[in-house]
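Heavy atoms only: backbone and side chains are in, while hydrogens, waters and symmetry mates are out.
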Amino acid sequence: MKNIALIYGGNSCEKDISIITALQSIEAIDKKKYNVFPIYWQDAFYILDEYKNVDSYTCSEIKGRKVLFQDKSLYAVKKNKVKLLGSIDCALLCTHGGKGENGALQGFFEVHDIPFTSPSHIASGIGMDKALCKMICKKLTLPVLPYGVVNEGDSEEVLDRIVERLGFPLIVKPANQGSSIGIGVSKDQDELQEKLKTAFYYDSKVVIEKALTDFKEINCACLRKNGNIYPSTLEEPVGWQEFLTFEDKYMSGGKVTKTSAKRIFPAQISENDKIKIQNITSKLYQALGCKGIVRCDFLIDNENNCVYLNEINTIPGSMAGYLYEDKGFYLKDILEIIIEDAIRGGKDAKSAGFSSKVLQYYSKNKANACKVSLKNV
């Protein structure tokens with residue numbers, strides 16, 4: 001049986017969704033194959049006494065054991081003493097947004113040489129930063145909406161040039177937030193200033209896009225199994241707003257099941273658009289060197305029938321497992337696929353070691369050792 005460290009929580013605005021994803025995953029995972037350590041992340045790592053009780057996460061006091069990672073193993077900490085809980089074969093990341101999805105947590109596990117079920121710290125960072133991701137997508141010739149980037153402290157001229165180039169209406173997004181947090185549509189200059197104020201509350205960098213007025217939102221997941229990339233069936237989430245709000249996504253049946261009244265599954269679009277979206281999703285997954293399961297969100301402009309890649313989510317809510325159910329894969333199967341792929345990738349990782357004789361040279365020439373400087377190196 002393999003030991004799995006399931007990480008959830010974190011410092012993100014999407015922490016609550018992370019808890020939901022974690023509880024779903026704990027319930028679904030194959031208990032005959034995997035022994036799960038549910039590890040709640042809040043300033044440090046903890047195993048809560050009642051981690052299955054949602055009320056445990058609304059209390060101000062954390063009730064549970066503090067744990068830490070060392071030498072590919074998990075230890076419990078109590079009164080300055082540590083107790084080995086077990087070696088860790090893989091970290092199952094159920095963290096959404098913030099440092100749990102932007103590459104920071106991924107880098108932590110890379111340093112500890114523990115395989116994990118999401119893209120690398122580099123791919124995760126690109127996926128989280130909407131401005132950087134759009135720039136890379138353009139280099140890959142993937143279709144994105146016309147956009148501009150404003151940083152906190154930029155002059156009014158920067159904003160004016162973007163408005164002149166794009167025209168209203170505009171959609172304003174914090175560059176490093178997800179789940180529609182801080183996003184707003186502006187139809188004139190006054191609204192733009194108001195939406196920018198909200199966006200800058202969440203991030204110091206803001207993306208401004210040309211807003212579509214008649215469009216469909218389409219989602220497509222993607223994962224790797226045995227070296228092959230498989231895009232999912234497409235869904236069309238349906239909201240009543242100009243864009244899907246946080247409440248649309250998570251408090252109205254949103255991403256929990258494929259049978260919600262606020263989604264169309266499979267999406268009713270042309271076969272040409274379906275193939276185009278699946279190909280773009282696979283291409284971006286491949287180009288970023290992704291692993292685990294990701295979800296790409298698209299917009300189809302109904303006026304000119306153009307498809308635009310909106311963003312990539314490198315740890316999607318509920319692991320986007322519902323998008324594969326029509327193919328006979330459920331969350332239990334998705335978890336096994338991404339865990340085994342992560343473990344296999346960890347075993348196949350190439351060593352970065354390099355043997356150098358520099359220190360041997362200075363050791364043999366002790367008289368010169370004290371003269372080592374930047375000029376010598």
Once salt bridge (Lys or Arg N to Asp or Glu O under 4.0 Å) is applied, do any residues pair with Glu101, and if so which ones, sequence neighbours excluded?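 With neighbours one apart ignored, the set is empty.
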Is there a side-chain contact between [X] and [Y], using heavy atoms and a 4.5 Å cut-off?
X	Y	answer
Lys2	Ile88	no
Asn226	Ile337	no
Glu303	Thr213	yes
Ile312	Tyr285	no
Glu336	Tyr34	yes
Tyr75	Leu85	no

Ring-ring centroid check Tyr57 Tyr40, cutoff 6.0 Å: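 Close enough - the centres of the two rings lie under 6.0 Å apart.
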Mark yes when over 12 heavy atoms from residues, nucleotides or ligands other than [X] sit less than 6.0 Å from its [atom1]; otherwise mark no.
X	atom1	value
Leu140	CG	yes
Gln42	CD	yes
Lys31	NZ	yes
Glu27	CD	no
Lys332	NZ	no

Fit a plane to each ring of Phe109 and Phe116, take the angle between them on a 0 to 90° scale, and name the class: parallel (under 30°), tilted (30 to 60°) or perpendicular (over 60°).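 Ring orientation, 0 to 90° scale: tilted.
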Mind checking whether Phe108 and Phe45 have parallel, tilted or perpendicular rings, split at 30° and 60°?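 Ring orientation of Phe108 relative to Phe45: tilted.
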Polar side chain donor-acceptor pair, [X] to [Y], under 3.5 angstrom:
X	Y	result
Asn3	Asp89	no
His96	Thr21	yes
Asp297	Asn310	no
Tyr46	Asp49	no

Taking all non-hydrogen atoms of both residues, which atom of Ser25 and which atom of Met319 are closest, and how far apart?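 Answer, listing the atom of Ser25 first, then Met319: OG-CG, 4.3 Å.
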Shortest non-hydrogen contact from Gln286 toward Ile229: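 It is OE1-CD1, 2.9 Å.
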Asp129 and Lys205: CA distance, side-chain angles, deciding distance, salt bridge (Lys or Arg N to Asp or Glu O under 4.0 Å) verdict: CA-CA 9 Å; Asp129 189 323; Lys205 181 166 63 174; 2.8 Å; yes
Cluster check Ile277, Ile275: I/L/V/M/F/W/Y, side chain < 4.5 angstrom: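 Ile277 and Ile275: separate clusters.
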Give the C-alpha distance, both sets of side-chain angles, the deciding distance and a yes or no for salt bridge (Lys or Arg N to Asp or Glu O under 4.0 Å) between Glu50 and Lys63. CA-CA 8 Å; Glu50 298 184 26; Lys63 296 180 180 180; over 6 Å; no
With a 3.5 Å distance limit and no angle check, can you tell me whether Arg65 reaches the backbone of Val77 through a side-chain donor-acceptor pair?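 Looks like no, no N/O pair under 3.5 Å.
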Are the side chain of Lys210 and the backbone of Leu166 linked by a donor-acceptor contact shorter than 3.5 Å?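 Present.
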Straight-line distance of Tyr324 OH to Ser232 OG, nearest 0.5 Å: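 Here the rounded value is 5.0 Å.
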Nearest 0.5 Å, what's the OH-SG distance between Tyr202 and Cys13?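 One gets 6.0 Å once the value is rounded to the nearest 0.5 Å.
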Evaluate the salt bridge (Lys or Arg N to Asp or Glu O under 4.0 Å) criterion for residues Lys134 and Glu209: first the C-alpha distance (whole Å), next the side-chain angles of each, then the deciding distance (0.1 Å), finally the verdict. CA-CA 11 Å; Lys134 286 180 181 295; Glu209 292 177 345; 2.4 Å; yes
Between Lys173 and Glu311, is the closest basic N to carboxylate O distance under 4.0 Å?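 No, this pair does not count.
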Are Lys72 and Asp113 close enough, and set up right, to give a salt bridge (Lys or Arg N to Asp or Glu O under 4.0 Å), and what steps lead you there? CA-CA 7 Å; Lys72 298 185 182 181; Asp113 203 22; 3.2 Å; yes
